[in-house]
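Have a look at the structure below, then the notes.
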There are 2 protein chains.
Amino acid sequence: MAAKHAYQDDNILSVIQDRLDTLNKSERKVAEAILNDPTSATRYSIASLARAAEVSEPTVNRFCRNFSATGFPDFKIRLAQSIATGTPYVGQNISPEDSVAEFADKIVLTTIANLDKARQALSAKALALTIDHLIQAKQINFFGMGGSAPVALDAQHKFFRFNIPVMSYDDALMQRMVAAGSATGDVIVVISYTGRTREMIEIAEIARANGATVIGITAPDSPLSKVCTVALEVTASEDTEVYMPMTSRIIHLTVIDILATGVTLKRGPDFQQHLKKIKDSLKPTRLPIQ
Amino acid sequence: MAAKHAYQDDNILSVIQDRLDTLNKSERKVAEAILNDPTSATRYSIASLARAAEVSEPTVNRFCRNFSATGFPDFKIRLAQSIATGTPYVGQNISPEDSVAEFADKIVLTTIANLDKARQALSAKALALTIDHLIQAKQINFFGMGGSAPVALDAQHKFFRFNIPVMSYDDALMQRMVAAGSATGDVIVVISYTGRTREMIEIAEIARANGATVIGITAPDSPLSKVCTVALEVTASEDTEVYMPMTSRIIHLTVIDILATGVTLKRGPDFQQHLKKIKDSLKPTRLPIQ
DNA sequence: CATATAATGTAGTAATATTACCTAAGTTAT
DNA sequence: ATAACTTAGGTAATATTACTACATTATATG
């Protein structure tokens, strides 16, 4: 992805946290002063930050340059940008002592951070290719097992509106049968967080052997990714943490959104009528507003 | 929500856009220069921005004060903060001319913006209450129809791990039967984007009449929200736009994440063993790394 | 232990933003 | 229609802030 505006994000705050050990005494003081209260750090002048960290102004300046800023003002800008997306809890894991408000915030902010990371990593080329395949598909099948089953179901809901035969399967046996029965012109979208589920890889191979196009929404360089016609590689930080939920599903859903939008756009304006008709068909089931 | 750090967000860029008409000639020039390329605006000095907008420096300064900044540097900081979450495409809708990279970016950034909005609007109190109900539940049922069916399914997947009988239903008849057969101690979580689906509202009423606790994940002040024991009100901007996908599902999923995490935390540390066992049970189905 | 090298601070300089004041262009009232 | 007033916007001086060059102190190495 990374359209024209490719601001090299990599959250300065987490970079600072990561490199804390490699800093020398005074610079660590600066780092700590910033991490201690990043939000107000953006309002400090170089003098006040120096005072807060109990170092001299040039030290602060050198510190900023260490983090690939051209100087203090530039550093503050970068800091401010990092802050918006997920600041207050950078790297902080959920702890049993958290209040509901706190861990809820952490969950949402982590999700946001991961979405943004995914945005930068997603390949526009792979997306475009996938959209092309989907448009030409005679039939689309979404495969997802376990946690990815809801994603596949969601995709089915979305693509159903396109007037293409579309199904989703969460059962390995059914998936295997569908794969075995597939043919050229069929597109099978395999959704797998790890990309290492044996069963899924085999199923993908069977589908390809039968001439189907296989799209993988999965982890980069995973075994699954290698057997796909097109791999949409999604970097979701491993859920090493006990309490932190899997954000990958959400990223996968967003990828589905992108694909569905891509297909809609390519279908052209006359197709919008069709979509509106489907949407309107739900009206009678709803209570009017007021 | 809004834990301790309640930074008054309200994206400066959209504020500028909104107030464009109320500005006088020179100030509008400044506004346009900024909106034209917000990212590089954060790197300008007051002099260069003045030059870009073809006005004098004090005009720029006055402009900044108009937008509740104490001065130019402060304004830049606010601008930088706004930029991180969804800048380049503030208010810009997806257009058929967009490249894949562009509309993909727009989709992800819109999703992020909506998540952040939801984060600020979510009631920690309602969340806490819901978690309490869920912990004490004898049985949990998730109801979601249409686009919310995958969300309900996802919730089932998550809560299944808690050793509580949990089911999800996407079929109105089944939901009605389950609601009719429910009793005190049962918790029914109703997921509905609009909160105005007649069927769902009736079902919620039936469940409550039978003594079940009904949690609604739905729109604020909707008819559904009023018949629930606890309403988790989610503000998702209406999907008025043709091409923009429904981001509400994603917000709903995140709410599910929060609830699941809340339950995990309350269950205490001995319960983590149980979770680990379930996670480990999947290992044999996966290819080893390398 | 002497010397080299890195780390940090001081003070002067340059850049940047802000203020006070002035001029021109509109507005309103007579 | 024009005098008085108000608002918009600019100029230039001033104050603030950040940066550089150099000096000093600490730390490592032969």
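Just so it is clear: chains get the letters A, B, ... in the order the sequence lines come, proteins before strands, and each one is counted from 1.
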query = In terms of side-chain geometry, is the basic nitrogen of K226(A) or D221(A) positioned less than 4.0 Å from the acidic oxygen of its partner?
reply = no
note = F75(B) atom CZ is separated from dT18(C) atom C1', nearest whole Å, by 17 Å
task = Any chance you could list the contact pattern along nucleotides 6-11 of chain C? Use B for base contacts, S for sugar-phosphate-only contacts and - for none, protein heavy atoms under 4.0 Å, 5' to 3'.
result = -SBBB-
remark   = Whole-Å distance, I46(B) CD1 to dG10(D) P, equals 12 Å
ask   = Rounded to the Å, how far apart are N66(B) CG and dT7(D) C1'?
value = 13 Å
task = Please step through side chain to side chain donor-acceptor pair (under 3.5 Å) for the pair S40(A) and D37(A), ending with a clear verdict.
result = CA-CA 6 Å; S40(A) 50; D37(A) 186 356; 2.5 Å; yes
ask   = Looking only at side-chain N and O atoms, does R65(A) come under 4.0 Å of OP1 or OP2 in dT20(D)?
value = yes
message = Nearest 0.5 angstrom please: S95(A) OG to E102(A) CD, how far?
response = 7.5 Å
Length of the CZ-P vector between R51(B) and dG9(D), whole Å = 20 Å
note = R43(A) atom CZ is separated from dT17(D) atom C1', nearest whole Å, by 17 Å
query = Roughly, in whole Å, what's the span from OH in Y44(A) to C1' in dA18(D)?
reply = 18 Å
Residues K158(B), D257(B): salt bridge by 4.0 Å N-O rule = yes
request  = Go through the steps to decide whether R28(A) and D21(A) satisfy the test salt bridge (charged side-chain N to carboxylate O under 4.0 Å, His left out), and finish with yes or no.
outcome  = CA-CA 8 Å; R28(A) 183 166 320 169; D21(A) 317 317; 5.6 Å; no
For atom CZ of F72(B) and atom P of dA18(D), their distance in whole Å = 14 Å
request  = Respond yes when some side-chain nitrogen or oxygen of N61(A) is under 4.0 Å from OP1 or OP2 of dA18(D), and no when none is.
outcome  = no
query = Parallel, tilted or perpendicular: which describes the rings of F63(A) and F67(A), with under 30° parallel and over 60° perpendicular?
reply = tilted
request  = For L49(A) and dT17(D), give me the distance from atom CG to atom P, rounded to whole Å.
outcome  = 13 Å
